[in-house]
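The figures that follow rest on heavy atoms only: side chains count, while hydrogens, waters and symmetry mates do not. Note that the coordinates shown come from a computational prediction; the quantities given were computed from them, not determined experimentally. Chain letters run A, B, ... following the sequence lines, proteins first and then strands; every chain starts at 1.
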Number of protein chains: 2
Amino acid sequence: MKKSSVEQLILETLSRENTHLTSLQVYEEIRKQLPAVNSSTVYRALERMSKRGMVSVSDIGTGAEVFEVVKNELHHHLVCQECGRIITIGQEDVRTFFKVIEQINDFEVFTNHLILFGLCSECRKKDNLS
Amino acid sequence: MKKSSVEQLILETLSRENTHLTSLQVYEEIRKQLPAVNSSTVYRALERMSKRGMVSVSDIGTGAEVFEVVKNELHHHLVCQECGRIITIGQEDVRTFFKVIEQINDFEVFTNHLILFGLCSECRKKDNLS
DNA sequence: TTTGCAATTGCAAAAATTTGCATTATAAAA
DNA sequence: TTTTATAATGCAAATTTTTGCAATTGCAAA
Ligand SMILES: [Zn+2]
Ligand SMILES: [Zn+2]
Ligand SMILES: [Zn+2]
Ligand SMILES: [Zn+2]
């Protein structure tokens, strides 16, 4: 390993791709630039980074967890269990909910990438017809 | 496989244990009653059951996803990232939040076991002192 | 600079999970 | 009952992820 730490490469990769990637996808991306890198090094770096809140880890219903770089402006998602459609929602309403939970339970919420599963409007229409 | 389907055994196991189990733990429990059962059979059954909403799947910060039987009265959790403490919360406030999200986004939320990460009050006190 | 310590990495083995395909069981239809 | 179609299961191989341990690196104190 030369100058570039794997963490730095992961951040660059996730920022560049700017989407949700599985740990394997991250590993394969990193390997393009650093062919000798070991998978466990990447996996362990991802784990560290998610603990520090640098990246988010989420199950979006695709089978494997996905990672995404965390920016200043947080976002969250609604995922349709039928068609897989991913709707991105902002912080506002989520923050309000978090505030309520925090006050009631004397608990400080850190969750930075909330995923809610359900049915999108299109799929609900289709289901009603059939 | 005789009469008993693996799904039935999984339901019984999760109901009996009445807690969060990893897929491997479920597999090992099932194997006690059905030594010849194959791991892929259990894993695939768990996947089917979570799709149907019979069991919940969640990351509670322990490394591996955990499964739990879904009852009529839903519950959710707050998980402390520092001490691992798991606080169980009821439906009320969560349901209110879901309703808001549903109306704004024309999306029907199915999520049956919400996990929020953060800091519990005890750990916040400790952190303030140090 | 040198020393010491903690964090990071590589490596190899183990463990856990997934996948493709053949077989078997279940249930509905004829 | 027999036929047919769908779903569940087993099996073996492949893939993905984790783990223990040793070696290396980075950083700061001495
Ligand atoms: Zn996202
Ligand atoms: Zn949909
Ligand atoms: Zn629970
Ligand atoms: Zn705590």
Output side-chain donor-acceptor pairs under 3.5 Å for residues 42-49 of chain A, partner residues at least two apart or in another chain, one line each.
{"residue": "A:Arg44", "atom": "NH2", "partner": "A:Ser40", "partner atom": "OG", "Å": "3.4"}
{"residue": "A:Arg48", "atom": "NE", "partner": "A:Glu7", "partner atom": "OE2", "Å": "2.9"}
{"residue": "A:Arg48", "atom": "NH2", "partner": "A:Glu7", "partner atom": "OE2", "Å": "3.2"}

Taking the nucleotide of DNA chain D with the closest heavy atom to each, which residue, B:Val42 or A:Ala64, is nearer the 5' end? B:Val42

Could you tell me which residues satisfy side-chain hydrogen bond (donor to acceptor under 3.5 Å, both in side chains) with B:Asp106, sequence neighbours excluded, listed by chain and number? A:Arg124

Per-helix bend value, the helix from C:dT1-D:dA30 to C:dA30-D:dT1, C1' rotation axes over five pairs per end, 10° rounding, shows 30°

Review item, side-chain donor-acceptor pairs of residues 66-78 of chain B, under 3.5 Å, at least two apart:
{"residue": "B:Glu68", "atom": "OE1", "partner": "B:His20", "partner atom": "NE2", "Å": "2.8"}
{"residue": "B:Glu68", "atom": "OE1", "partner": "B:His75", "partner atom": "NE2", "Å": "3.0"}
{"residue": "B:Glu68", "atom": "OE1", "partner": "B:His113", "partner atom": "NE2", "Å": "2.8"}
{"residue": "B:Lys71", "atom": "NZ", "partner": "B:Asn18", "partner atom": "OD1", "Å": "2.7"}
{"residue": "B:His75", "atom": "NE2", "partner": "B:His77", "partner atom": "NE2", "Å": "3.0"}
{"residue": "B:His75", "atom": "NE2", "partner": "B:His113", "partner atom": "NE2", "Å": "3.2"}
{"residue": "B:His76", "atom": "ND1", "partner": "B:Leu114", "partner atom": "N", "Å": "2.8"}
{"residue": "B:His76", "atom": "NE2", "partner": "B:Gln91", "partner atom": "OE1", "Å": "3.0"}
{"residue": "B:His77", "atom": "ND1", "partner": "B:Thr88", "partner atom": "OG1", "Å": "3.2"}
{"residue": "B:His77", "atom": "NE2", "partner": "B:His20", "partner atom": "NE2", "Å": "3.1"}
{"residue": "B:His77", "atom": "NE2", "partner": "B:His113", "partner atom": "NE2", "Å": "3.2"}

Let me confirm one number: the OG-CD1 distance from A:Ser23 to A:Ile30, rounded to the nearest 0.5 Å. 12.0 Å

Atom-pair distance (CD on B:Gln25; P on C:dA16), nearest Å: 11 Å

So does A:Thr41 get a side-chain nitrogen or oxygen closer than 4.0 Å to the phosphate oxygens (OP1/OP2) of C:dT8? no

How long is the line joining CG of A:Leu21 and C1' of D:dT16, in whole Å? 16 Å

Hey, could you give me the CD1/CG distance between A:Ile89 and A:Leu116, rounded to the nearest 0.5 Å? 6.0 Å

Between B:Leu9 (CG) and D:dT9 (C1'), how many Å, whole number? 13 Å

Please walk me through it: do A:Phe117 and B:Val109 pass side chain to side chain contact (heavy atoms under 4.5 Å, CB included)? CA-CA 6 Å; A:Phe117 291 98; B:Val109 176; over 6 Å; no

What is the distance, rounded to the nearest whole Å, between atom CE of B:Met49 and atom C1' of D:dA7? 15 Å

The side chain of A:Ser23 is closest to which nucleotide in this list: D:dT17, D:dT9, C:dG10? D:dT17

Could you state the CD-P distance from A:Glu7 to D:dT25, rounded to the nearest angstrom? 17 Å

Is there any protein nitrogen or oxygen under 3.5 Å from a nitrogen or oxygen in nucleotides 13-15 of chain D, and what are the pairs?
none

Would you say the side chain of B:Val94 lies within less than 4.5 Å of the side chain of A:Phe97, judging by non-hydrogen atoms? yes

Atom CD of A:Glu65 and atom P of D:dT16 are separated, to the nearest Å, by 16 Å

State the OH-OG1 distance between B:Tyr27 and B:Thr41, to the nearest 0.5 angstrom. 9.0 Å

Using a cut-off of under 3.5 Å, enumerate the N/O to N/O pairs linking the protein to nucleotides 18-20 of chain D.
{"residue": "D:dG20", "atom": "O6", "partner": "A:Arg44", "partner atom": "NH1", "Å": "3.3"}
{"residue": "D:dG20", "atom": "O6", "partner": "A:Arg44", "partner atom": "NH2", "Å": "3.4"}

N-O pairing of A:Lys125 and A:Glu122 below 4.0 Å: no

For atom CD of A:Gln8 and atom C1' of C:dT9, their distance in whole Å: 17 Å

Is the closest side-chain heavy-atom distance between B:Thr96 and B:Glu92 below 4.5 Å? no

So, A:Glu12 and A:Gln8: side-chain donor and acceptor under 3.5 Å apart, yes or no? yes

So, is B:Arg48 near the phosphate of D:dT9, with a side-chain N or O under 4.0 Å from OP1 or OP2? yes

